[in-house]
Amino acid sequence: MRLDRFLAETTELTRSLAKKALQRGEVSVNGVVVKQPASHVGESDRVEWDGQPLALVGLRYVMLNKPADVECSARRGLYPRAVDLIDLPKAERLQPVGRLDVDTTGLVLLTDDGQWSHRVTSPRKRCAKVYLATLAEPLAGEALAEAFRRFEEGLLLEGEEKPTLPAELVMRSSHEAELTLYEGRYHQVKRMFAAIGNHVTALHRESVGPLSLGALALGEWRELNDEEVAAFA
Ligand code: URA
């Protein structure tokens, strides 16, 4: 990797500030000051900036319990972004793996590993996502039997051509529905309940594949361990 890029990857310097630091003689490679931004460094080289050793960070994987009024988007908008809650160096490189609506709470994964992200979100991988939806109207009796059937068979959402993949519905109480999806379409849970004449007043994602929030409180995050990352191989 070019030395200026290595500096931009491992410090808060931009590529042009890295070049300036190089010109000022602040950077050494294996104990020797190097000023050329285009010189190459490899894994075995010891790079220091102002005497501080620098190391590339590997790919990172994070789980967040997203509060409401936080956006899962890469761009800055009206609300803070999920990535703004992650207190890691260069956190802005992490991308949410799929999205939750701004008013939805719960489990969001973030990573800078695009392939891993694809494995989690691709409907072909059939990764289960469990949501807890609070409903405006009670769901019981005939209406519940109908909802089971339509969710299990797959239903056509407004404006779409393909029916939803089979989804599993379990009622925890008359107004609280646990819905397991194996895909992630736009506003899918809210639209599925709207399609059966109900309305979601609150939505929380409890788990994605084998990962659940555990003791993580709203607004808290943690890095995944190797086993958790490998679970989506
Ligand atoms: N379905 C929705 O309607 N909203 C979400 O945030 C996630 C799934």
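First listed ligand is number 1; within each ligand, the first listed atom is number 1. All values below come from the heavy atoms of this structure, side chains included, with hydrogens, waters and symmetry mates left out.
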Practice item. Salt-bridge test for K190 and D103: reply yes if a basic N is under 4.0 Å from a carboxylate O, no otherwise. Key: yes
Practice item. Would you check ligand 1 and list the protein residues that come within less than 4.0 Å of it by any heavy atom, ordered by chain and number? Key: L100, D101, T104, Y131, H187, Q188, V189, K190, L203
Point to revise | Any pair counted as salt bridge (charged side-chain N to carboxylate O under 4.0 Å, His left out), so long as it reaches residues 218-227, sequence neighbours left out | key: R222-E228
Would you be so kind as to tabulate the donor-acceptor pairs closer than 3.5 Å made by side chains of residues 206-214, with sequence neighbours excluded?
residue: E206; atom: OE1; partner: R172; partner atom: NH2; Å: 2.8
residue: E206; atom: OE2; partner: R172; partner atom: NH1; Å: 3.1

**Study point:** Minimum heavy-atom distance C127-V120, with the two atoms named
**Key:** CB-O, 3.6 Å
Side-chain donor-acceptor contacts of residues 27-37 below 3.5 Å, not counting sequence neighbours, with atom names and distances?
residue: N30; atom: OD1; partner: R46; partner atom: N; Å: 2.7
residue: N30; atom: ND2; partner: D45; partner atom: OD1; Å: 2.8

Exercise for review: Decide if atom NZ of K20 counts as having more than 12 heavy atoms of other residues, nucleotides or ligands within a radius under 6.0 Å.
Suggested key: no
